[in-house]
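Given the structure is predicted, the values throughout are model-derived calculations rather than measurements.
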Amino acid sequence: MSPRAGLTTDRLVRAGAELADEVGFDQVTVSALARQFDVKVASLYSHLKSSQDLKTRIALLSLEEMADRVATALAGRAGKDALAAFANVYRDYAREHPGRYTAARMTLTPETAASSAGPRHPQMTRAILRGYDLTEPDQTHAVRLLGSVFHGYISLETAGGFSHSTPGSEETWVWIVDRLDALLQTWPPTDDV
């Protein structure tokens with residue numbers, strides 16, 4: 001069978017996502033993918049427009065995978081249980097798929113972002129926050145706070161930022177989720193000006 005047999009856009013994007021997890025998202029190119037399949041670069045251009053197109057497709061795949069995992073994890077949960085499940089999905093995904101996790105934070109065009117699974121992420125965050133009875137603009141502030149804390153911690157942790165100190169990173173992670181839950185339960189209402 002020829003190495004070209006069975007090449008589809010979906011197969012190439014999934015292989016690109018696996019490559020991103022192995023070598024880093026920044027290293028993913030159509031040329032690198034062609035080497036992996038032992039084909040000429042030109043043969044992939046019937047499926048992909050460019051390395052940028054490949055990276056965008058990996059980002060879209062990653063956003064969808066994470067959104068699906070979050071939706072499954074949140075089913076039937078509320079309050080702190082939902083908050084912890086939500087946070088753990090992102091952390092686990094980053095550990096399992098570091099390249100894809102990086103891809104999911106890629107800046108997309110407004111049109112591409114709007115039609116992606118990206119909007120599901122803040123929608124699910126807002127669903128969790130409804131259990132804390134936050135109104136606007138506090139709900140938006142809380143969405144941004146949670147995203148900043150979780151993604152910031154995960155980025156530092158995966159870069160080895162907490163590997164040489166005590167307490168362990170896992171203990172701090174649980175502590176952070178506990179403190180965020182307490183904060184959200186006692187969030188002061190925004191004063192009307």
Side-chain angles (χ1 to χ4, degrees), residues 10 13-14 16-21 24-26 28 52-159 161 169-170 172-185 187 190:
D10 183 62
V13 170
R14 291 188 181 280
E18 291 172 16
L19 185 61
D21 290 337
F25 182 61
D26 292 340
V28 174
Q52 184 66 26
D53 179 43
L54 173 61
K55 286 184 173 186
T56 298
R57 289 172 186 269
I58 294 168
L60 295 173
L61 172 68
S62 303
L63 287 167
E64 186 174 342
E65 286 178 343
M66 283 194 295
D68 290 346
R69 285 187 183 196
V70 170
T72 299
L74 291 181
R77 297 178 192 238
K80 182 180 172 186
D81 191 33
L83 181 66
F86 177 84
N88 288 334
V89 165
Y90 288 109
R91 187 173 182 226
D92 292 345
Y93 190 85
R95 288 172 164 177
E96 294 168 29
H97 302 291
R100 293 181 209 201
Y101 183 79
T102 299
R105 295 188 320 256
M106 177 180 166
T107 302
L108 302 171
T109 66
E111 300 80 22
T112 302
S115 65
S116 75
R120 290 176 58 197
H121 295 266
Q123 289 167 357
M124 289 184 285
T125 309
R126 287 178 187 280
I128 293 168
L129 293 173
R130 281 195 288 276
Y132 292 99
D133 201 29
L134 297 180
T135 57
E136 287 299 347
D138 292 330
Q139 193 177 89
T140 296
H141 296 319
V143 167
R144 292 172 180 166
L145 172 69
L146 294 177
S148 298
V149 171
F150 295 148
H151 294 298
Y153 191 90
I154 291 166
S155 295
L156 290 169
E157 182 182 45
T158 57
S169 183
E170 184 64 32
T172 301
W173 181 255
V174 172
W175 183 89
I176 287 171
V177 172
D178 286 346
R179 295 313 173 273
L180 287 170
D181 173 64
L183 171 66
L184 292 169
Q185 287 184 43
W187 193 289
T190 301

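Atom CD of residue Glu157 and atom CD of residue Glu170 lie 7.5 Å apart, to the nearest 0.5 angstrom. Rounding to the nearest 0.5 Å places CG of Asp68 at 8.0 Å from CD of Glu65. The CZ atom of Arg100 sits 12.5 Å away from the CG atom of Leu63 when rounded to the nearest 0.5 Å. Considering OG1 of Thr140 and CG of Leu129, their distance stands at 9.5 Å, rounded to 0.5 Å. How far CD1 of Ile128 is from OG1 of Thr125: 5.5 Å, rounded to the nearest 0.5 Å. Taken to the nearest 0.5 Å, the CG atom of Leu184 stands 6.0 Å off from the CG atom of Leu134.
Between Met106 and Ser62, every side-chain heavy-atom pair lies at or beyond the 4.5 Å cut-off. Here the side chains of His151 and Tyr101 are in contact, with some heavy-atom distance below 4.5 Å. Counting heavy atoms from C-beta outward, Leu180 and Leu145 have side chains that approach closer than 4.5 Å. Between Phe150 and Arg91, the closest side-chain pair of non-hydrogen atoms is not below 4.5 Å.
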Stepwise ring pair (Phe, Tyr, Trp, His ring centres under 6.0 Å) test for Tyr93 and His97: CA-CA 6 Å; Tyr93 190 85; His97 302 291; 5.1 Å; yes
Residue pair Ser169, Tyr153: steps toward the side-chain hydrogen bond (donor to acceptor under 3.5 Å, both in side chains) verdict: CA-CA 10 Å; Ser169 183; Tyr153 191 90; 2.9 Å; yes
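For CZ of Arg179, the number of neighbouring non-hydrogen atoms (other residues, nucleotides, ligands) closer than 6.0 Å is greater than 12. Other residues, nucleotides and ligands contribute at most 12 non-hydrogen atoms within 6.0 Å of the CZ atom of Arg14. At most 12 non-hydrogen atoms from other residues, nucleotides or ligands lie less than 6.0 angstrom from CG of Asp133.
Side-chain atoms of Trp173 and Asn88 include a donor-acceptor pair closer than 3.5 Å.
Considering every non-hydrogen atom in both Gly118 and Ser116, the closest pair reads N-OG, 2.9 Å. Taking both residues in full, the closest heavy atoms of Val143 and Pro122 are given as CG1-CB, 4.3 Å, listed atom of the first, atom of the second, then distance. Smallest separation of non-hydrogen atoms from Met66 and Tyr90: SD-CD2, 3.7 Å. The two residues Ala82 and Leu74 have their closest heavy-atom pair at O-CD2, 3.4 Å. The minimum heavy-atom distance linking Val13 with Ile58 is given by the pair O-CG1, 3.9 Å. Between Thr158 and Ala94, the shortest heavy-atom contact is CG2-CB, 4.3 Å.
Judged as a side-chain contact (heavy atoms from CB on, under 4.5 Å), and not counting sequence neighbours, the contacts of Ala67 are Ala117, Arg120, His121, Met124. By the side-chain hydrogen bond (donor to acceptor under 3.5 Å, both in side chains) test, Thr102 pairs with no residue at all, sequence neighbours left out. Here Glu96 pairs with Arg69 under the side-chain hydrogen bond (donor to acceptor under 3.5 Å, both in side chains) rule; sequence neighbours left out.
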